[in-house]
Amino acid sequence: MPRRKAVLMVGLALVLGACGQVVTAVDNRDLGDNVKVFDPSMSTAEIQAAVDAVKTQQLNAEFGDGRVALLFKPGTYGTPDKPLLIDVGYYTEVMGLGRTPNDVVINGHLNVYNRCLDTTTSPPGNCIALDNFWRSASNMTVQVAGGEGCQTATDFWAVSQAAPLRRMNIVGKFSLMDYCSAGPQYASGGFIADSKFSGTDALINGSQQQFLVRNSEIPGWSNGVWNQVFSGVVGAPQTNFGTLSTDGKSLGTYTTLPTTPVSREKPYLYLDSSGAYQVYVPDTRQNSSGVSWASGAESGGRTLPLTSFFIARPSDSVALINAALAAGRNLLFTPGIYTVGQSIQVNRANTVVLGLGLATLTAQDGAVPMTVGDVDGVDIAGLTFDAGSVNSPTLLKIGTTSTGGSLSNPVALHDVFFRIGGPHLGKASNSLEVNRSGTLLDHLWVWRADHGSGVGWTDNTADHGVIVNGNDVTATGLFVEHFQKEEVLWNGERGKTIFFQNELPYDPPNQAAWKNGTTLGYAAYKVADTVQTHEGWGMGSYIFMNVDPTIHASNAFNVPVASGVKLHSLLTVQLNTGKGIIDHVVNQTGDPVTGDAATGKPAGTPSMVINFP
């Protein structure tokens, strides 16, 4: 398969490891065989063959070991007559290497289609997007062209969790569901940030159950299923959540914030005018809207040469990685799976930790794979944390105390994903622990697996997905699913969440096994009783009990009754008829979801609370 390598020749560095011993950190290494770099001098046919080979490898590899990054140097690829068609499979990152999305232009498609789970029939059946996880695209322009049949005029991004689009410029018809494949067209939500769409009347939301669009420009939005949230989006529809339509047949699903209170875009790799690799670290923005690159390359951030990064490979020891961090290096994980038997320690302010190709850190022997000290400005982006077979207390720990820290220069997590089970048996009491105040959580999927390997109530054990102890923590895009106690436990003051998506655990064996004192089940989102100020927008929790269908959850959201605690646009849903009941939406407010067709509220009908209190 044709490929180009990103090569860095920067000599040899000596860094101090534990107890002052000298560790040799080899820096004259390329980005590895799993990074494919394309340039405009290559023919469309050559590039097409390369991306098709990656597609063949990754398209159905939901729990496979492959990790791939496809990088495009500035220039134009494909033509309207000979388009480049890129299908994005599992653990595949597609990224432009320009300073703005306009620097890399794809004439063609960048697609995610439904995955057909039944390959025994002809044509294949059970084609859905519910499991289209773990992939991404960023920093390029797609001028939609080519394709066959109904694909010709449309770019498809039919995804669910952990499949972000960032810094994209899409020109042409764009759909978040795959209406070309045989139905049903189910899709379970996603995340778009810092992106612009044009050349069409509206984005086709279609069957997407929920979606968050942040700091973007859209021509319109076609419809909604349950929960569609827009924060700082030019062209977003007006809030209509819970409002009855003019024909009296449906309730509105849109929640729109004119600006995003605080944001920082994900750091990204690019090539400068001399062809050298750099990493741009965007600045923090307050009360912002629209794309960061509207007037060209954004300013105010930091540019770091890639030579300031230790380029890690899966064969590197944690001792070597920690020695490089201690010596003041930033950290780039090349695509692959890293076995981590002791904590990677990020203790220097403003350190950038960047993963390519959804690089994955797997805990070994109960280790905490990564910790961040009590420092500001650290960026962690593009990483997946996997639990191992021995229970870890947590998978990522941010800070040790809630004193200090500020949203003016936050610790920020971008596209960081967590798994308990799925590829293998995994156990972790908690996935993410946030102690540092002023932390920004920008698109997380925190998942206790409901399918795959090592899955069962007493197998992939996990109490909580996210615990927030710090103050002034903001989350923009929080997906947390299937944990055995509170999915999110928020103890800090002045927290904010813009968009929350949750499924309660599927597999409690009985009510006695899933009960919090006299309370039935556990809340998906719990704000501690001592908290005085907290706010959330666009928050949904769903129930589907596939072992004991009689199980109840008393409520999905549990918050203190205080003047400073406010939640907006809340909903609960029973996913399948008779498979579990959520009695109330928040505290004792909101109708139960019972899946009772006789009442006109079959499964899939949301129970909504517009504002609480």
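Note that the structure is a prediction, hence the values are computed from the model and not measured.
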K.L.:
Verify side chain to side chain donor-acceptor pair (under 3.5 Å) between T284 and R264, making sure each step is shown before the conclusion.
P.N.:
CA-CA 5 Å; T284 304; R264 185 159 77 215; 3.0 Å; yes
K.L.:
Donor-acceptor pair, T360 side chain versus L358 backbone, under 3.5 Å?
P.N.:
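Checked: pair present.
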K.L.:
Here's one to test your reading of the geometry: is the NZ or CZ of R135 within 45 degrees of the ring axis of W157 and under 6.0 Å from its centre?
P.N.:
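Output no; distance or angle outside limits.
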K.L.:
Check for a donor-acceptor pair, side chain of T260 on one end and backbone N or O of S231 on the other, with a separation under 3.5 Å.
P.N.:
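Yes, because the side chain of T260 sits within donor-acceptor range (under 3.5 Å) of the backbone of S231.
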K.L.:
By side chain to side chain donor-acceptor pair (under 3.5 Å), which residues pair with R99, not counting sequence neighbours?
P.N.:
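With sequence neighbours excluded, R99 shows a side chain to side chain donor-acceptor pair (under 3.5 Å) to Y268, E298, given in chain and number order.
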K.L.:
Taking atom types as modelled, is there a side-chain donor on D374 or N435 under 3.5 Å from an acceptor on the other?
P.N.:
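There is no such pair between these side chains.
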K.L.:
I'd like to check V35 versus L71 (side-chain heavy atoms, cut-off strictly below 4.5 Å). Are they in contact?
P.N.:
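A side-chain contact under 4.5 Å exists here.
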K.L.:
Apply the test side-chain contact (heavy atoms from CB on, under 4.5 Å) to residues L413 and I398: give CA-CA distance (whole Å), side-chain angles for both, the deciding distance (0.1 Å), then the verdict.
P.N.:
CA-CA 10 Å; L413 276 58; I398 307 296; 4.1 Å; yes
K.L.:
Report the C-alpha distance between N430 and H464 in whole Å, list the side-chain angles of each, state the deciding distance to 0.1 Å, and finish with yes or no for side chain to side chain donor-acceptor pair (under 3.5 Å).
P.N.:
CA-CA 5 Å; N430 179 48; H464 307 287; 6.0 Å; no
K.L.:
Check the pair I192, F211 against side-chain contact (heavy atoms from CB on, under 4.5 Å), reporting the backbone distance first and the verdict last.
P.N.:
CA-CA 8 Å; I192 293 172; F211 222 93; 3.6 Å; yes
K.L.:
Please report the closest heavy-atom contact between V352 and R302, naming both atoms and the distance.
P.N.:
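Shortest heavy-atom separation between V352 and R302 comes out as CG2-NH2, 4.0 Å.
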K.L.:
Checking N491 side chain against N469 main chain: does a donor-acceptor pair fall under 3.5 Å?
P.N.:
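Flag not set: sc N491 to bb N469 has no pair under 3.5 Å.
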K.L.:
Please name the pair of heavy atoms, one in A562 and one in Q532, separated by the smallest distance, quoted to 0.1 Å.
P.N.:
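Scanning both residues, the minimum pair turns out to be CB-O, 4.0 Å.
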K.L.:
Kindly say whether A319 contributes a backbone atom to a donor-acceptor pair with the side chain of N322 at under 3.5 angstrom?
P.N.:
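No, N322 side chain to A319 backbone: no donor-acceptor pair under 3.5 Å.
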K.L.:
Between S308 and N330, do the side chains contain a donor N or O and an acceptor N or O under 3.5 Å apart?
P.N.:
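Distance-only check passes for N330 and S308.
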K.L.:
Is the Y525 to F500 ring centre distance short of 6.0 Å?
P.N.:
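Ring-ring flag for Y525/F500: true, centres closer than 6.0 Å.
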K.L.:
Could you give all pairs that pass the ring-ring contact (aromatic ring centres under 6.0 Å, His included) test and reach residues 341-391, with sequence neighbours left out?
P.N.:
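Sorted pair list: F385-F418.
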K.L.:
Using the ring-ring contact (aromatic ring centres under 6.0 Å, His included) rule, pick out the option among F241, Y254, F499 that qualifies with F230.
P.N.:
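The ring-ring contact (aromatic ring centres under 6.0 Å, His included) with F230 is passed solely by Y254 among F241, Y254, F499.
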K.L.:
Can you check whether A312's main-chain N or O pairs, donor with acceptor, with T334's side chain at less than 3.5 Å?
P.N.:
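Indeed, once roles are kept as given, a pair shorter than 3.5 Å links the two residues.
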K.L.:
When you compare the side chain of V416 with that of W445, does any pair of heavy atoms fall below 4.5 Å?
P.N.:
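Contact flag for W445/V416 side chains = no.
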K.L.:
Do L269 and M95 make a side-chain contact, defined as non-hydrogen atoms from C-beta onward lying under 4.5 Å apart?
P.N.:
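The answer is yes; the side chains approach within 4.5 Å.
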K.L.:
Specify the closest pair of heavy atoms between P335 and N34, including all atoms of both residues, with the distance to one decimal.
P.N.:
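Distance-wise, the nearest heavy atoms are O-ND2, 3.3 Å.
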K.L.:
Please say whether the positively charged group of R448, taken as NZ for Lys or CZ for Arg, lies over the ring of F483, i.e. under 6.0 angstrom from the six-membered ring centre and within 45 degrees of the axis.
P.N.:
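That pair does not qualify as a cation-pi contact.
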K.L.:
Determine whether T476 and D442 satisfy the following criterion, side chain to side chain donor-acceptor pair (under 3.5 Å), listing intermediate values before the conclusion.
P.N.:
CA-CA 5 Å; T476 51; D442 184 42; 2.8 Å; yes
K.L.:
Y522 vs W514 aromatic rings, parallel, tilted or perpendicular, using cut-offs 30° and 60°?
P.N.:
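Y522 and W514: tilted rings.
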K.L.:
Taking the six-membered ring where the residue is Trp, are the ring centres of W226 and Y542 under 6.0 Å apart?
P.N.:
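So the answer is yes for these two rings.
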K.L.:
Donor-acceptor check, side chain of Q286 to backbone of V262, threshold 3.5 angstrom: yes or no?
P.N.:
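Flag not set: sc Q286 to bb V262 has no pair under 3.5 Å.
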K.L.:
Can you find a pair of side-chain heavy atoms, one from L361 and one from I344, that are under 4.5 Å apart?
P.N.:
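Of all side-chain heavy-atom pairs linking I344 with L361, at least one is under 4.5 Å.
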K.L.:
Begin with the C-alpha distance, continue with both residues' side-chain angles, and end with the deciding distance and a verdict on side-chain contact (heavy atoms from CB on, under 4.5 Å) for F417 and Q161.
P.N.:
CA-CA 9 Å; F417 311 131; Q161 290 80 4; over 6 Å; no
K.L.:
Less than 4.5 Å apart, side chain to side chain, heavy atoms only: is that true for V318 and Q345?
P.N.:
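Counting from C-beta outward, V318 and Q345 never come under 4.5 Å.
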K.L.:
Could you check whether any side-chain heavy atom of L332 comes within less than 4.5 Å of a side-chain heavy atom of L306, counting everything from C-beta outward?
P.N.:
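Yes - at least one pair of side-chain heavy atoms lies under 4.5 Å apart.
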K.L.:
Between W457 and N460, does any side-chain donor sit less than 3.5 Å from a side-chain acceptor?
P.N.:
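Looking only at side-chain atoms, N460 and W457 do not form any donor-acceptor pair under 3.5 Å.
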K.L.:
Measure the acute angle between the ring planes of W490 and H534, then classify it against the limits of 30° and 60° as parallel, tilted or perpendicular.
P.N.:
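W490 and H534: perpendicular rings.
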K.L.:
Are side-chain N/O atoms of N132 and S160 paired as donor and acceptor at under 3.5 Å?
P.N.:
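Not at all, the side chains of N132 and S160 share no donor-acceptor pair under 3.5 Å.
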K.L.:
Under the side-chain contact (heavy atoms from CB on, under 4.5 Å) rule, what do N391 and S429 come out as? Steps first, then yes or no, please.
P.N.:
CA-CA 7 Å; N391 188 74; S429 300; 3.0 Å; yes
K.L.:
Scan residues 388-416 for pairs that pass salt bridge (Lys or Arg N to Asp or Glu O under 4.0 Å), counting only residues two or more places apart or in two chains.
P.N.:
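Sorted result for residues 388-416: R166-D415, K266-D415.
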K.L.:
Atom NZ of residue position K196 - does it have more than 12 heavy atoms of other residues, nucleotides or ligands inside 6.0 Å?
P.N.:
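Not buried by this count: 12 neighbours or fewer within 6.0 Å.
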K.L.:
Can you check whether S431 reaches T394 side chain to side chain, under 4.5 Å on heavy atoms?
P.N.:
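No - every pair of side-chain heavy atoms lies 4.5 Å or more apart.
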K.L.:
Distance-only, no hydrogens or angles: does the H482 side chain make a donor-acceptor pair with backbone N or O of L504 under 3.5 Å?
P.N.:
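It does hold such a pair.
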K.L.:
Q228 and Q208: side chain to side chain donor-acceptor pair (under 3.5 Å), yes or no, with the steps?
P.N.:
CA-CA 9 Å; Q228 319 291 314; Q208 282 287 357; over 6 Å; no
K.L.:
Report yes if some heavy atom in the side chain of V466 is under 4.5 Å from a heavy atom in the side chain of L489; otherwise report no.
P.N.:
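The answer is no; the side chains never approach within 4.5 Å.
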K.L.:
Please check if the side chain of S216 supplies one atom and the backbone of V213 the other of a donor-acceptor pair under 3.5 Å.
P.N.:
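Here the side-chain-to-backbone pair does not exist.
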K.L.:
Taking the ring centre of each residue, are F63 and H424 less than 6.0 Å apart?
P.N.:
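Centroid separation for F63 and H424: 6.0 Å or greater.
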K.L.:
Is there a donor-acceptor contact under 3.5 Å from the side chain of R348 to the main chain of G328?
P.N.:
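Pair found, side chain donor or acceptor close to backbone of G328.
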K.L.:
Hey, is the main chain of S292 close enough, under 3.5 Å, to the side chain of D194 for a donor-acceptor pair?
P.N.:
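Yes, the answer is positive, given that a donor and an acceptor are paired below the 3.5 Å cut-off.
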K.L.:
Could you tell me whether the side chains of Q501 and E481 share a donor-acceptor contact shorter than 3.5 Å?
P.N.:
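Note: Q501 and E481 side chains meet the donor-acceptor criterion.
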K.L.:
Tell me the closest heavy-atom pair linking V527 and P560, and the distance in Å.
P.N.:
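That closest heavy-atom pairing would be O-CD, 3.3 Å.
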K.L.:
Flag the pair F612 / F557 as yes when their ring centroid distance falls below 6.0 Å, and as no otherwise.
P.N.:
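Judged by ring-centre distance (under 6.0 Å), F612 and F557 do not meet the cut-off.
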K.L.:
Picking from V480, N502, N555, V585, what satisfies side chain to side chain contact (heavy atoms under 4.5 Å, CB included) with S541?
P.N.:
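The side chain to side chain contact (heavy atoms under 4.5 Å, CB included) with S541 is passed solely by N502 among V480, N502, N555, V585.
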